[in-house]
Participant: 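The structure under discussion is supplied below as structure tokens; questions concerning it will follow.
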Amino acid sequence: MNKQENTVKDPGELVDMFSRTISYLRLSLTDRCNLRCVYCMPEDGEHKLHLLQYEDLLSFEELLRIVKLAVKMGMNKLRLTGGEPLVRRGVMDFIGSLADIDGLDEIRVTTNGVLLHEKAAGLYDAGIRKLNISLDTMKAERFRHITGSDMFEQVWQGIETAASLGFDVKLNVVAMQGVNDDEFVDFARLAGEKPYQVRFIEFMPVGNHSTWNRASYISSSDLKKQIGKFGKLEQFPGCRMDGPARVYTITAENGLKGKIGFISPISHHFCDTCNRLRLTSAGRLRACLLHDREADLKTLLRSGATDDEIRCLIKQTILDKPKGHTLAEDRLNCSGQMSRIGG
Ligand code: SAM
Ligand code: SF4
């Protein structure tokens, strides 16, 4: 493997004002997507989607330069997201180059699964082992309603293909009252029947066009009560937190056992332990998903900046990372597009 030069890191560079070490970079590779989830990229006339032009995206060369610098600074974990990361042309070669970066311990991908039936093997060959796949329903008709597409079967096949190749598969389910609440128990059962960790995410009011409203929100504790009717939930020994998820084992009456995660950005936010920095598909550094403060890395990069200047902006963005978000207080500081930020 063509490993990159390894230089001495100063871990202090990645510590923010609240003593959190920022070791995890999330790249939104594109704001484009082959689905149109109603809560993320609604397509109606009034809220016409404003998509970036190709030249507005950072090129793969630019992205590689940033990732290498971030890794030299001590970041060791990367997530590729979007939009749909797998629709970007050339993404597989890009992932191959990322895999060659010495010091980058793990690359994970968040995907809607539409292209997994054809790309899963290539991802596995590139060394990716962990996939988060979004699936809010197991009903084809409802899938069409939520995503605007009839590709449920293809996504399902993609999930099965990924699991059969040996990927650690996590299914991300956005919990929406009145939309998929009658399937929470079915998803819990699925976690027992298949080797997938099912992770329920609290529905967040992100972006100006979100379909979020108070009635559609269900907290993780209410969700747990519903799922508790299907089986006994116990905190997973030795792995209470998996990233932002609180992980439980579920044991059904018939003995089925599975793993369920709850991601509760609203009811139990995890800001105190947040270790993330985001790079949006518009090339802006963003220290908090739910706070619109961003730094324009793309303009700096394209003005001929030196590595030190880029490093300085990364450092400054980390120092400016807000202590936490204010969703629970009903003060929303996030009007950005989820597909551009990357979730
Ligand atoms: N297209 C990929 C996918 O859907 O997995 C990656 C990008 S998507 C923006 C990342 C994650 O954000 C998905 O799991 C999606 O369900 C979640 N998401 C989007 N909008 C959300 C919202 N308002 N509340 C909670 N999760 C949301
Ligand atoms: Fe696309 Fe993911 Fe947004 Fe759905 S949640 S529209 S799949 S980017």
Side-chain angles (χ1 to χ4, degrees), residues 26-44 47 49 51-52 78-88 91 108-116 119 123 130-137 142-149 151-152 154-155 158-159 162 169-177 179-180 187 196-214 216-220 223 243-245 261-267 269-270 276 278-282 286 289-290 325 327 332 334-343:
R26 294 176 63 105
L27 294 186
S28 174
L29 293 186
T30 174
D31 61 341
R32 301 206 173 225
C33 187
N34 41 11
L35 295 183
R36 287 287 178 273
C37 299
V38 283
Y39 51 79
C40 178
M41 294 182 81
E43 236 185 336
D44 57 56
H47 303 309
L49 279 174
L51 295 173
L52 296 167
L78 186 72
R79 179 171 298 278
L80 305 179
T81 172
E84 174 48 41
L86 299 184
V87 299
R88 181 152 174 191
V91 68
R108 301 183 181 188
V109 177
T110 300
T111 171
N112 60 27
V114 169
L115 294 176
L116 274 183
K119 295 213 180 330
L123 290 171
K130 295 187 179 179
L131 291 177
N132 284 24
I133 308 172
S134 303
L135 186 74
D136 300 331
T137 178
R142 183 172 288 168
F143 185 90
R144 189 200 320 270
H145 173 73
I146 296 175
T147 68
S149 111
M151 286 188 277
F152 172 75
Q154 188 169 315
V155 169
I159 294 170
V169 171
K170 295 190 175 101
L171 294 185
N172 283 356
V173 182
V174 180
M176 293 170 282
Q177 197 67 38
V179 176
N180 59 358
F187 273 110
Y196 315 144
Q197 183 190 124
V198 171
R199 291 149 59 108
F200 293 102
I201 307 176
E202 285 181 348
F203 190 15
M204 292 177 279
V206 178
N208 292 329
H209 313 322
S210 172
T211 53
W212 191 92
N213 59 58
R214 207 145 259 300
S216 59
Y217 166 74
I218 172 166
S219 69
S220 293
L223 234 146
F262 295 92
I263 302 182
S264 322
I266 297 182
S267 65
H269 69 73
F270 30 85
R276 300 161 174 212
R278 292 174 165 80
L279 182 59
T280 72
S281 45
R286 185 172 178 116
L289 165 65
L290 297 166
H325 68 70
L327 277 187
L332 185 55
C334 174
S335 58
Q337 251 172 250
M338 196 67 150
S339 50
R340 202 175 276 190
I341 304 168

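Counting starts at 1 for both ligands and their atoms, in listed order.
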Participant: For atom 4 (Fe) of ligand 2, which of the options Cys37, Gly83, Gly113, Gly342 provides the nearest non-hydrogen atom?
Facilitator: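 When every heavy atom of Cys37, Gly83, Gly113, Gly342 is considered, Cys37 comes closest to atom 4 (Fe) of ligand 2.
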
Participant: In terms of the angle between their ring planes, are Phe203 and Tyr39 parallel, tilted or perpendicular, with boundaries placed at 30° and 60°?
Facilitator: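 Judged by the thresholds at 30° and 60°, the geometry between Phe203 and Tyr39 is perpendicular.
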
Participant: Would you say ligand 1 has an N or O under 3.5 Å from any N or O of Met204?
Facilitator: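 Yes, at least one N or O pair falls under 3.5 Å.
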
Participant: Could you tell me the residue and atom name of the protein heavy atom closest to atom 3 (Fe) of ligand 2, and the distance to it rounded to 0.1 Å?
Facilitator: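 Of the protein heavy atoms, Cys40 SG, 2.4 Å lies nearest.
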
Participant: Can you confirm, on distance only, whether ligand 1 has an N/O atom lying under 3.5 Å from any N/O atom belonging to Asn132?
Facilitator: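 Among all N and O atoms of Asn132, none is under 3.5 Å from an N or O of ligand 1.
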
Participant: Mark up the atoms of ligand 1 that fall under 4.0 Å of a heavy atom belonging to Asn172, in ascending order.
Facilitator: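 Listed by number with element, the hits are 14 (O).
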
Participant: Among protein heavy atoms, which sits nearest to atom 1 (Fe) of ligand 2, and what does the distance come to when rounded to 0.1 Å?
Facilitator: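 Going by distance alone, atom 1 (Fe) of ligand 2 is nearest to Cys33 SG, 2.3 Å.
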
Participant: Of all the heavy atoms in Ser134, does at least one lie under 4.0 Å from an atom in ligand 2?
Facilitator: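 It does not, in that no heavy atom of Ser134 comes within the 4.0 Å cut-off of ligand 2.
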
Participant: Below 3.5 angstrom, do we get any N/O pair linking Glu84 and ligand 1?
Facilitator: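 Yes: some nitrogen or oxygen of Glu84 is under 3.5 Å from one in ligand 1.
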
Participant: Can you find a side-chain donor-acceptor pair between Asn34 and Glu84 that sits under 3.5 Å?
Facilitator: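 Note: Asn34 and Glu84 side chains miss the donor-acceptor criterion.
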
Participant: Using a 3.5 Å distance criterion without hydrogens, assess whether the side chain of Arg142 forms a donor-acceptor pair with backbone atoms of Val179.
Facilitator: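 Here the side-chain-to-backbone pair exists.
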
Participant: Do the side-chain N and O atoms of Ser220 and Ser264 include a donor-acceptor pair separated by under 3.5 angstrom?
Facilitator: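 Yes, because at least one side-chain N or O of Ser220 sits under 3.5 Å from a partner of the opposite role on Ser264.
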
Participant: Of all the heavy-atom pairs spanning Ile341 and Ser28, show the shortest one and how long it is.
Facilitator: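 Smallest interatomic distance, heavy atoms only, reads O-CB, 3.7 Å.
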
Participant: List the residues meeting side-chain contact (heavy atoms from CB on, under 4.5 Å) with Ile201, not counting sequence neighbours, and say none if there are none.
Facilitator: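 Partners of Ile201 by the side-chain contact (heavy atoms from CB on, under 4.5 Å) criterion, ordered by chain and then number, come out as Asn172, Ile263.
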
Participant: For Arg36, what residues pass the side-chain contact (heavy atoms from CB on, under 4.5 Å) criterion, not counting sequence neighbours?
Facilitator: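 In terms of side-chain contact (heavy atoms from CB on, under 4.5 Å), with neighbours along the sequence ignored, Arg36 is linked to Cys33, Met41, Glu43, Leu49, Leu51.
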
Participant: Which atoms of ligand 1 have any heavy atom of Tyr39 under 4.0 Å away?
Facilitator: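 What qualifies from ligand 1 is 16 (O), 18 (N), 19 (C), 20 (N), 21 (C).
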
Participant: Locate the shortest heavy-atom distance separating Ile266 from Glu202; write the atom from each residue and the value.
Facilitator: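 Here Ile266 and Glu202 meet closest at N-OE1, 2.9 Å.
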
Participant: Can you give me the closest heavy-atom contact between Met338 and Cys40, atom names plus distance?
Facilitator: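 Nearest pair, atom of Met338 first, then Cys40: CB-SG, 4.0 Å.
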
Participant: Please list, in number order, the atoms of ligand 1 under 4.0 Å from a heavy atom of Gly82.
Facilitator: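 In order of number, 7 (C), 9 (C).
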
Participant: Can you find an N/O atom of Thr111 closer than 3.5 Å to an N/O atom of ligand 1?
Facilitator: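 It does: an N or O of Thr111 is found under 3.5 Å from an N or O of ligand 1.
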
Participant: Is there a nitrogen or oxygen of Gly83 sitting under 3.5 Å from a nitrogen or oxygen of ligand 1?
Facilitator: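 Yes, Gly83 has an N/O under 3.5 Å of an N/O on ligand 1.
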
Participant: Can you sort out which atoms of ligand 1 are near Thr81, meaning under 4.0 Å from one of its heavy atoms?
Facilitator: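 Near Thr81, meaning under 4.0 Å from one of its heavy atoms, ligand 1 has 6 (C), 7 (C).
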
Participant: Check whether any heavy atom of Phe203 sits under 4.0 Å from an atom of ligand 1.
Facilitator: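 Contact check Phe203 vs ligand 1: positive.
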
